[in-house]
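In what follows, a single structure is set out as structure tokens and then discussed.
Only this structure's heavy atoms are used, side chains among them; waters, hydrogens and symmetry mates stay out. Note that ligands are numbered from 1 as they come in the structure, with each ligand's atoms numbered from 1 the same way.
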Amino acid sequence: MVTTSPTLAQALAQALAQAHTLGLARIDAQLLLLHAIGRPDAGRAWLLAHDTDALPDSAQTAFLALCQRRAAGEPVAYLTGRKEFYGLALEVDARVLDPRPDTETLVDWALQVLQPIAAPRVADLGTGSGAIALALQSQRPEAQVLAVDASHEALEVARANAQRLGLPVRFAQGDWLSGLAEGALFEAIVSNPPYIAADDPHLAALTHEPLHALASGADGLDDLRTITGQALPHLVPGGWLLLEHGWNQAESVLALLSAAGFAEVQSRTDLAGHARCTGGRRPVAG
Ligand code: GLN
């Protein structure tokens, strides 16, 4: 490793300023810098307290390369290999969707409906990195959580996360609910499926993530239609189906759930105030 005297080396604060000129958000630059200096767990407060520390040349080169990749659209989570979700440190890579903070809305809602139920059975469809399933399992250790994904590669990522975090989530490969045993029943089914319309210009900015985890037919609703169509027989009476969807899809998903026979259909807003999740309940009678 090549080192220069600390007086010549760039300080951490200067490196962050340089990232800013490349157009990086401050939080992104901070996470990438912590990664480049080998202190991913140190936290942003540590960076503030050490902003006059020298950045070794090798770390500076690595940091600059990471900043350039970030500026070209790669998610920070893929560059660092990790993402914090619901207080869990997940390992993620380009085989799975980068978990979004908005999805914590879905986790909060699921925990709320499951709160009165002892040892609830929960299915997470299209689990990806395992974010939702693992968050639920970490909050409800006695729950029986099943995480389903059609992608073998995604299941590898999710399984590795479960193992590292010591969480007893079970896994199954399958297309939404079609791979489940007939008669498998849950108190709640949750999903953050792909929901972006195939021609949505927003997709152009998401080329680093698996397209099959993002796009879903002409109106973005293909997978939401499939799930709402399959879920009812897999819910106990009174059981909930809770779905994440696009910021402008709440009305469509409310209509899909009502048409499929769900009761108490309603939406929840995300951090930005968009109706981001919609759900309903299997009627108790009928
Ligand atoms: N929320 C993501 C986005 O719009 C999409 C995630 C998804 O399709 N489930 O960028």
Side-chain angles (χ1 to χ4, degrees), residues 25 27-28 70-79 83-86 90 92-110 122-136 147-151 153-155 157-158 161 174-177 188-231 241-254 256-257 267-279:
I27 167 84
D28 291 1
R70 175 66 197 129
E74 252 178 278
V76 172
Y78 294 170
L79 297 173
K83 181 69 164 249
E84 191 94 357
F85 182 81
Y86 223 86
L90 300 176
V92 299
D93 58 40
R95 291 175 289 178
V96 294
L97 186 84
D98 173 14
R100 314 290 204 263
D102 284 336
T103 302
E104 296 191 352
T105 300
L106 189 66
V107 174
D108 284 336
W109 195 3
V122 188
D124 171 24
L125 309 180
T127 196
S129 63
I132 297 169
L134 294 166
L136 294 174
V148 178
D149 208 292
S151 157
E153 291 191 318
L155 286 173
V157 176
N161 277 319
D175 212 358
W176 308 123
L177 286 149
I189 296 173
V190 299
S191 183
N192 173 19
Y195 51 65
I196 302 178
D199 65 351
D200 188 324
H202 177 63
L203 276 179
L206 302 173
T207 51
H208 296 276
E209 294 178 89
L211 185 61
H212 61 80
L214 290 165
S216 187
D219 61 359
L221 293 167
D222 278 6
D223 291 294
L224 286 158
R225 260 185 221 103
T226 303
I227 296 167
T228 48
Q230 290 179 350
L241 173 63
L242 306 178
L243 300 165
E244 182 175 321
H245 51 70
W247 63 276
N248 56 356
Q249 292 171 332
E251 262 182 55
S252 305
V253 180
L254 286 166
L256 285 174
L257 286 163
S267 298
R268 288 282 194 286
T269 52
D270 63 15
L271 302 167
H274 296 125
R276 175 65 65 179
C277 298
T278 296

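- Between I189 and L177 there is a side-chain heavy-atom pair separated by less than 4.5 Å.
- For ligand 1 and L206, the ligand atoms under 4.0 Å from any heavy atom of the residue are 10 (O).
- Under 4.0 angstrom from ligand 1, the non-hydrogen atoms of A213 all belong to its backbone.
- Residue H202 approaches ligand 1 through these ligand atoms, each under 4.0 Å from one of its heavy atoms: 3 (C), 4 (O), 10 (O).
- Residue, atom and distance of the protein heavy atom nearest to atom 10 (O) of ligand 1 are R100 NH2, 3.1 Å.
- Residues passing the side chain to side chain contact (heavy atoms under 4.5 Å, CB included) test with E153, sequence neighbours excluded: R95, S151.
- Evaluation of the salt bridge (charged side-chain N to carboxylate O under 4.0 Å, His left out) rule for D200 yields no partner, not counting sequence neighbours.
- In the candidate list P193, P194, G246, P193 is nearest to atom 9 (N) of ligand 1, counting heavy atoms.
- Using a 4.5 Å heavy-atom cutoff, the side chains of R225 and D219 are in contact.
- With a 4.5 Å cut-off on side-chain heavy atoms, V253 and L221 count as touching.
- At a 4.0 Å cut-off, not a single heavy atom of H245 sits close enough to ligand 1 to count as contact.
- Inclusion of R276 in the set of residues having an N or O under 3.5 Å from an N or O of ligand 1 is not warranted.
- The shortest side-chain heavy-atom distance between L206 and I196 falls under the 4.5 Å cut-off.
- The nearest protein atom to atom 1 (N) of ligand 1, hydrogens excluded, is given as Y195 OH, 2.8 Å; this is a heavy-atom distance.
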